[in-house]
Amino acid sequence: MKRGEIFSFQFVRFLVVGVVNTLVGLSIIYSAKYFFKAGDVAANAIGYGVGICVSFILNSRWTFAYSGLMVPAAVKFFLATALAYAANLLTVMTAIDGFGINTYLAQALGMPVYTVVAYLISKYLVFRLKIE
């Protein structure tokens, strides 16, 4: 498998969806806090929940042009998101505790790990259609 087959225009679409979902999620968080006086935890949970749903819809339809069953794909997508988050957190904590890297830089280092892990799992497990 060549690098171009893994990281193609599809990966660029995945990145665009990530930006859109981040903007939507952040807008929801800020709106919940400002207009509805929600606390930080509640606002964050609502914003992330909506953002992950937006990400699933856009990635399934636009990024991967998935035509399979949506409920199993959604379950796998949410699990993939959790795994990508765990990889991000592992990277961040290793950078901070293992290498003494500044916490702000460590957070930034975790972001590409999350993105690549989420993309690869989405491409090869979540939105992969079985060829019969």
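Note that the numbering runs from 1 along the sequence shown for the chain.
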Does [X] belong to the same Ile/Leu/Val/Met/Phe/Trp/Tyr cluster as [Y], with side-chain heavy atoms less than 4.5 Å apart forming each link?
| X | Y | result |
| --- | --- | --- |
| Y119 | Y114 | no |
| Y48 | Y30 | yes |
| I29 | V50 | no |
| V113 | M111 | no |
| Y124 | L83 | yes |

> Under 3.5 Å, side chain of S60 to main-chain N/O of I57, donor-acceptor pair present?
Replying inline: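 Present.
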> Taking S55 for the side chain and G51 for the main chain, is one N or O donor matched with an acceptor at less than 3.5 Å?
Replying inline: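 A pair under 3.5 Å: no.
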>> Between R128 and K123, does the side-chain contact (heavy atoms from CB on, under 4.5 Å) criterion hold? Intermediate values first, please.
In response: CA-CA 6 Å; R128 179 179 180 179; K123 180 175 179 71; over 6 Å; no
How close do [X] and [Y] get, counting heavy atoms only, and between which atoms?
| X | Y | result |
| --- | --- | --- |
| G47 | I28 | CA-CG2, 3.6 Å |
| I96 | A106 | CG1-CB, 3.4 Å |
| A108 | P112 | O-CD, 3.1 Å |

>> Tell me every residue that passes side chain to side chain contact (heavy atoms under 4.5 Å, CB included) with A74, counting only those two or more places apart in sequence or in another chain.
In response: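 A74 satisfies side chain to side chain contact (heavy atoms under 4.5 Å, CB included) with F56, F78 only.
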Distance in Å, [X] [atom1] paired with [Y] [atom2], rounded so as to fall on 0.5 Å steps:
| X | Y | atom1 | atom2 | result |
| --- | --- | --- | --- | --- |
| M93 | N88 | CE | CG | 11.0 Å |
| F77 | S122 | CZ | OG | 5.0 Å |
| S8 | R13 | OG | CZ | 9.5 Å |
| L129 | F64 | CG | CZ | 11.5 Å |
| I101 | L109 | CD1 | CG | 5.5 Å |

Would you say the side chain of [Y] lies within less than 4.5 Å of the side chain of [X], judging by non-hydrogen atoms?
| X | Y | answer |
| --- | --- | --- |
| F11 | T115 | yes |
| L79 | V75 | yes |
| I52 | N21 | no |

>> With side-chain contact (heavy atoms from CB on, under 4.5 Å) as the test, pick out the partner of K76 among V71, V126, I121.
In response: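 In the set V71, V126, I121, the residue that makes a side-chain contact (heavy atoms from CB on, under 4.5 Å) with K76 is V126.
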> Can you name the one residue among L58, T63, V116 that meets side-chain contact (heavy atoms from CB on, under 4.5 Å) with F14?
Replying inline: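 Exactly one candidate clears the test, T63.
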> Can W62 and V16 be said to form a side-chain contact (heavy atoms from CB on, under 4.5 Å), step by step?
Replying inline: CA-CA 10 Å; W62 186 57; V16 170; 4.0 Å; yes
> By side-chain hydrogen bond (donor to acceptor under 3.5 Å, both in side chains), which residues pair with K33, not counting sequence neighbours?
Replying inline: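 K33: side-chain hydrogen bond (donor to acceptor under 3.5 Å, both in side chains) contacts with D40.
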